[in-house]
Amino acid sequence: MKFFSHIASFDVSLAAMYSDSHVESATVSCLELFHVTAPPFRKLISGDLIKLARSEGIDSQLKKWKKNLPMIQAVLADATQKQIKERAVQLWVNDLQHLAYDIDDVLDDLVTEALRRKLNQEAHPNTSTSKVLKLVPKCCTNFTPRNIMYGQQMSSKLEEITIKLHDLVDQKNDLGLNRDGWSKLSLVDESKIMGREGDKEKLLGKLLGNEGCDQNVSVVSIVGMGGIGKTTLAKLLYNEQKVKDHFEVRAWICCDVFKISKAIFQAVTVTGQKKDFANLDLLHVALKEELSNKRFLLVLDDVWNEDDSKWEQIQSPLLVGAPGSRIIVTTQSTRVASVMDSQQTYPLGVLSNEDALSLFAQHALGEKNFDKHPTLKLFGEGMVQKCGRLPLALTALGRVLKGNRNANKWEKLLKSEIWDIDDGNKILPALKLSYYHLPPHLKQLFAYCSLIPKDYVFEKNKLVLLWVAEGFLSQSKGNKSMENLGHECFEELKSRSFFQQSTNDELRYTMHDLMNDLATSVAGEFSFRLDGEVDVSDMNEAFDKFRHFSLVGPRSGSYRKLNELHRAKHLRTFLVMSVGFENNGFLDKVLLELQFLRVLSVVGLNHMYRDRKMITKVLESIGNLKHLRYLNFSYTRVTYLPEEVSELYNLQTLLVHDCYELSSLPKNFAKLINLRHLDIRNTPNLNKMPLGIGGLTSLQTLTKVIIEEGNGFKISDFKGLTDLQGQLYIMGLEKVINPVEAKDANLHQKKGLDVLEMEWSDVFDDSRNEMIEYEVLKELRPDLKLKKLKIFNNSGMRFPTWVGNPSFDQLTELTLRGCRSTHLPALGCLGSLRKLVVERMNEVKTVGFEFLEPPNSNLGIAFPSLECLKFDDMKAWQRWSINSGDGHGAPRSFPCLHEICIANCSELAEVSIGLIPALRVLYIEECSEAVLRSMVGLSSSLVELNMLNVKGLTQLHGEYLMHLRPLDHLYIENCDELRYLWERESEACMSLVSLQKLEVRNCKNLVSTAEKEANIGISMESLKSVKFRICETLESYNCPNSVEKLVIRDCDSMTSLTFSAVQEQPSPLTELIVGDCDNIQLQPRPIPAKGFSLSRLTSLQIGLCKNLKSFPHEQFQSLTSLDKMWLTDCPSIDYSFPCGVWPPNLSTLGIGGLNKPMSEWGPQNFPASLVELELFGKNSGVVSFAVADDVGNTTTPSSSSSSSSSFLLPPSLVSLRLIDFTDVESFSEVLQHLPCLKTLEILNCPKLGDLKTIYNPSNVTIYVMCTLDQGCLHDVSEGNQLNMHRDGR
């Protein structure tokens, strides 16, 4: 293996610099370290740089480099092999690598200075000074004070490097390094899984069978050492067709409680929505809604948590699943399996010898066994034993040998010294071998990935851009771009198992933990990843050596000793890998101290972190980072980028997407001549492009442009941007008044574009010309490989023929919004179209046969791939009929269409489109009842029906219900004429046999579920979840016995809530929420039933029910499953409550605003399981707090207070929230008696101000929030985290 890549080109470059010939350019190559990441120094030696070197008198130093570098090159192969066992050689190689970085920094400085001088001269070609300089000999024009100082500084740096280089040459002789080396091996392909058929069948039995399980949700743990194949086996099970058919919901989560819970929520929602939640409780409520009564399969991959409380928090919202739900856990720890209450632990062993040998043969030879290669079989058996029969090790090592059947090579690998090395880092030797046999350029790419945290899901494109920025890909092959080369390298590493595809997203990837450990090991002292609360105070010497740094933090964003990083003065990479970064002035130091940065990525925060110290400004000192290639300030609150950014001549990637307050870019943006990627998506305040962007011909990514008048950006400026790819959003197209300019844009030649959005203004005034806009759109035809297209507000009366042309055979999504065409284009021929959205097309009155196919075509199937169709806000649309009118009928259409949405189409009266058998989801909003009736009859396979503001709908008649037997989810909202859901309860029960989820919201005239037979106890046996919200006239509801979740909110007329009962059977209800129902009264059941109970209830919330009188607290002891309870703002409730009796296993309680003042409650005997308490103190009479003595669970108050106005807290609390205790003044002493407390939240307690002395403050996080007219706490002991918020409630 070579240490220098293309080192000969370095010699050629230097020779060219000093030859008498006129050399325009040459290439400087650099060191590519054998075992750690090192950026290649492939600088372009331009004529300007040659002149600079000579004028500054540094050419003699470069000549010395030319002499010494080949001497080192000759022994690098030997050094890379000897360093494995010889520490002295390893130190020499590390010193050489550091020197390589220094050389690259110097060369980059020279290149940048030459470019700066050239650009400055071009910017002022006609000034009087330049005219005078033309009279002066060129050799004298550089003698300015700045240039003289620069020359002296560079000469000193080069001299220092030359001395170090000479010393390394001398040391190589002392180390006895010779000319010798290894050869690299070829690539391999992916292979099948071997030897797990028996394990798979046993685990399928555990997943699909009952096996005596007495709980709805059970855990199956797969336990085994790293690399043994736990995740692979879990994937086999997860993708097995039997498993897919058995479970309604499946989700795969790679393992903080909050992150896991949020990942589960996003995975199980139908749309995978990315929704923010203010706290864990709200997230768990939403997660329960999604999983309630569904049989789900959840895979928690690679779990290490051994904390019982964290698992309980994760598990809490999962318990609402239907019987048969399973959680697969893969872990290396049997303790983890025990903590997670795994009833079925499956220890996974290594492969059998036969299976291991077969797996190795498949990867190394592409065959099932060694039958045809008896000579190689002996070596193969040896390597199988050395790999310990671990699948990951066998796969990685087999791919090293792929395609090579030379017995000598196999024997050499088997006898490699690497097998016997014990360096204490526990990296599998087989994985080391797979790394050492990579080509040099792949080694540095992989080692750089040590910055990626474990279990982190990353995008290939972003990783490639980082590689480009570090210079790893600067020498491309032929006409291939650096980015394309990077994608090839990524695929090569992926094929060798260094990366693996994410289970949930085919465009994202992860690294196996063992591969991550390998990357960290080979990166050595050059890279450092700071995880969470790592104390770096003892790393003084190491900081000086760091070149690459990434920050991976918890939600708190707190990092001790992070300021020590300023000592890493030669740092090239500062990378924030997760949201939650607080600036606190640290970034200012980075810009001042870290002058050699190539990568600076400080992404901002999402809405969860809105109270943090977000980045709002980019300092002018950023212009000092002249080596910078990659700059990312996305998701921050910056309002502008300073002019100094335009001085970053080397900048290749600038990412400021999702900066919603960004309003301007630098005026001299055109000076960024090396810029290749500019991402300004989601920047609504940015409405003007800087001058000269059209001249940045290296641009490949330009996500947004605004067409302007005058000297602003013109549509014709796209002509020179021939390499554009990815996503492009063009705004302001109404300003294009000459179609020729649109033609000059040559969009059809931008073959790399995947997503194109074209927007005209939505203001249609006299300045708009429909013919011009039609011609402009006609000329803006994109390349045929486009995947997504959106056209907004074009005023042309028709669409050009390219819209809908079947030649666009890769187009998957199309949106037409606000256009003035009177007809929709023929789109049925788009063979790959999966999603079609038509919105605000207010001139369209009829959608007919022409929508399916163009005239004179012979289409077999229209819309063959369409899955989702949406019509929205079509104000003039009256008729949807696909009959051809010629007697031949319509072609077969929509074979794959499973979701239709028709919203805000109030004039639509006729729908005649034939049957759509695949239709499963129907959404009708603000349409007539006739439209609803026609659409419901299209399919007998509907599983979800959403009806919002349907005019004329009074109830679901029998003709509706007959089509809804498969219906699983029924949602009704804003249907003001709806008085009953259906006529008879019995008829609904016979038709809606599959209904599991019923939700009715804001139907102000709804009286009852049924016009007849209401509340007679007839039960829909399938119904699991029921919600009624804002139904003002709903008077009563009898909850069927099958319901597991019931929510009644804002139903002021409801006086009676009853529960059906089955003899001797407990209610299956697990969650009950009643709120804002002034007149409601709870009644257990209309007819007494022996043995009726709510023993399965896990969550109970009752609040804002001002006339609620009775509460069944006498049954609390029987509620053994109740985990969370909130009872608030019910001022009429029986004065006897609370009485010191609570559910025995309660962990979370929120309470206050009851009839009995809190100061009169007395001892409460809270259960020891209570860890989270939320107290509402308005009118409570409480003036102080004390802690109950937990000895024997008595209630002896602490010495702080024993008065009747003191409230006794249980000592078991982990989290405490105090709200509206306006008379409480002290709390510091109480904290000393809460040993388990981790979080204290104080809201609107204006007199509380003594938190000066806190017991063990490092363990408690305190949040203080108050109204704008109240004071806030400011005085807190050092070391305790105090987050103060002002809330304008």
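Along the sequence shown, residues carry numbers from 1. Just so it is clear, the values below take in all heavy atoms, side chains as well, and ignore hydrogens, waters and symmetry mates.
A salt bridge does not link D783 to K750: none of the charged side-chain nitrogens sits closer than 4.0 Å to a carboxylate oxygen. Using a cutoff of 4.0 Å between basic side-chain nitrogens and carboxylate oxygens, K788 and E813 are scored as salt-bridged. A salt bridge links K626 with D109: the distance from a Lys NZ or Arg NE/NH1/NH2 to an Asp or Glu carboxylate oxygen falls below 4.0 Å. R629 and D108 are joined by a salt bridge, as a carboxylate oxygen and a charged side-chain nitrogen come within less than 4.0 angstrom of each other. Under the 4.0 Å criterion applied to side-chain N and carboxylate O atoms, R676 and E483 are assigned as salt-bridge partners.
Here the side chain of Q700 pairs no donor or acceptor atom with the backbone of H677 at under 3.5 angstrom. Looking at S481, its side chain does come within 3.5 Å of a backbone N or O of N484 through a donor-acceptor pair. Judged by distance alone, with hydrogens and angles left aside, the side-chain atoms of R572 form no donor-acceptor pair with the main-chain N or O of F549 at under 3.5 Å. Of the possible donor and acceptor atoms, one in the side chain of S663 sits under 3.5 Å from a partner among the backbone N and O of T639. Within the 3.5 Å criterion, the main-chain N or O of K778 finds no donor-acceptor partner in the side chain of K743. Looking at W802, its side chain does come within 3.5 Å of a backbone N or O of L777 through a donor-acceptor pair. N746 places no side-chain N or O within 3.5 Å of a backbone atom of K719 that could act as its donor or acceptor partner. Although no hydrogens or angles enter the test, the distance criterion places no donor-acceptor pair under 3.5 Å between the side chain of R637 and the main chain of L662. Formation of a donor-acceptor pair under 3.5 Å by the E773 side chain with backbone atoms of S795 is found in this model.
Atom NZ of K787 has more than 12 neighbouring heavy atoms from other residues, nucleotides or ligands inside a 6.0 Å radius. With a 6.0 Å radius and a threshold of 12 heavy atoms from other residues, nucleotides or ligands, K714 has its NZ atom above the threshold. Around the CG atom of L784, the shell of radius 6.0 Å holds more than 12 heavy atoms that belong to other residues, nucleotides or ligands.
Put simply, CG on L655 and CG on L465 are 7.0 Å apart, with the number rounded to the nearest 0.5 Å. Within the model, atoms CD of E647 and CG of L625 stand 12.5 Å from one another, a figure rounded to the nearest 0.5 Å. Taking CD of E775 as the start and CG of N769 as the end, the distance is 10.0 Å to the nearest 0.5 Å. To the nearest 0.5 angstrom, E759 atom CD is 8.5 Å from L733 atom CG. Atom-to-atom distance recorded for L648:CG and L675:CG is 10.5 Å, nearest 0.5 angstrom. Taking NZ of K735 as the reference point, atom OG of S761 lies at 7.5 Å (rounded to 0.5 Å).
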**Asked** Stepwise, does the ring-ring contact (aromatic ring centres under 6.0 Å, His included) test hold for F528 with H548?
**Response** CA-CA 6 Å; F528 179 58; H548 307 287; over 10 Å; no
**Item:** side-chain contact (heavy atoms from CB on, under 4.5 Å) between E741 and N738, intermediate numbers included
**Value:** CA-CA 6 Å; E741 293 183 3; N738 188 347; 4.1 Å; yes
**Prompt:** What do the steps show when you test E661 against N685 for side-chain hydrogen bond (donor to acceptor under 3.5 Å, both in side chains), and what is the final call?
**Reply:** CA-CA 6 Å; E661 298 175 33; N685 288 333; over 6 Å; no
**Request:** Kindly determine whether T701 and D679 satisfy side-chain hydrogen bond (donor to acceptor under 3.5 Å, both in side chains), including the steps that lead there.
**Result:** CA-CA 7 Å; T701 302; D679 192 348; over 6 Å; no
**Message:** Does Y635 form a side-chain contact (heavy atoms from CB on, under 4.5 Å) with H657? I'd like the steps, not just the answer.
**Reply:** CA-CA 7 Å; Y635 297 103; H657 61 81; 3.4 Å; yes
**Prompt:** Taking it one step at a time, do L756 and Y729 satisfy side-chain contact (heavy atoms from CB on, under 4.5 Å)?
**Reply:** CA-CA 6 Å; L756 177 62; Y729 177 24; over 6 Å; no
**Request:** Under the side-chain hydrogen bond (donor to acceptor under 3.5 Å, both in side chains) rule, what do N793 and D762 come out as? Steps first, then yes or no, please.
**Result:** CA-CA 6 Å; N793 306 320; D762 60 359; 5.2 Å; no
**Request:** Take S621 and E644, measure what side-chain contact (heavy atoms from CB on, under 4.5 Å) needs, and give me the verdict at the end.
**Result:** CA-CA 7 Å; S621 56; E644 284 73 12; over 6 Å; no
**Message:** Between Q727 and T703, is the side-chain hydrogen bond (donor to acceptor under 3.5 Å, both in side chains) condition met? List the steps.
**Reply:** CA-CA 5 Å; Q727 178 177 339; T703 53; over 6 Å; no
**Request:** For the pair F718 and F713, evaluate ring-ring contact (aromatic ring centres under 6.0 Å, His included) and give the outcome as yes or no after the intermediate values.
**Result:** CA-CA 9 Å; F718 280 114; F713 190 92; 5.3 Å; yes
**Item:** Residues K688, E708; criterion salt bridge (Lys or Arg N to Asp or Glu O under 4.0 Å); working and verdict
**Value:** CA-CA 8 Å; K688 183 178 178 59; E708 301 170 60; 2.9 Å; yes
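The two residues L728 and L753 have their closest heavy-atom pair at CB-CD2, 3.9 Å. The shortest non-hydrogen separation linking C659 to T683 is O-CG2, 3.6 Å. Shortest non-hydrogen contact noted between G694 and T697 is O-CG2, 4.5 Å. What you find for D658 and N682 is that their closest heavy atoms are OD1-ND2, 3.0 Å. Summarising the geometry of Y660 relative to P684, their closest heavy-atom pair is CD2-CD, 3.6 Å, with the distance given to 0.1 Å. The shortest non-hydrogen separation linking C449 to L463 is SG-CD2, 4.0 Å.
The closest side-chain heavy-atom distance from L721 to D723 is not below 4.5 Å. Considering only heavy atoms from C-beta on, S664 comes within 4.5 Å of Y640 through its side chain. You'll find the side chain of K704 stays beyond 4.5 Å of the side chain of R681, heavy atoms only. L466 has its side chain out of reach of F472: every pair of non-hydrogen atoms, C-beta onward, lies at least 4.5 Å apart. Taking the side chain as every heavy atom from C-beta outward, Y448 and W467 approach each other to under 4.5 Å. For the pair I693/L678, a side-chain contact is recorded, criterion being any heavy-atom separation below 4.5 Å from C-beta on. In this structure, V645 and I622 have side chains that are in contact, with non-hydrogen atoms separated by less than 4.5 Å. Considering only heavy atoms from C-beta on, L641 comes within 4.5 Å of V656 through its side chain.
There is a side-chain donor-acceptor pair under 3.5 Å between E470 and T573.
For the pair R547 and F526, the NZ or CZ position fails the cation-pi test of under 6.0 Å to the six-membered ring centre and within 45 degrees of the ring normal.
The aromatic ring centres of F596 and Y101 sit 6.0 Å or more apart.
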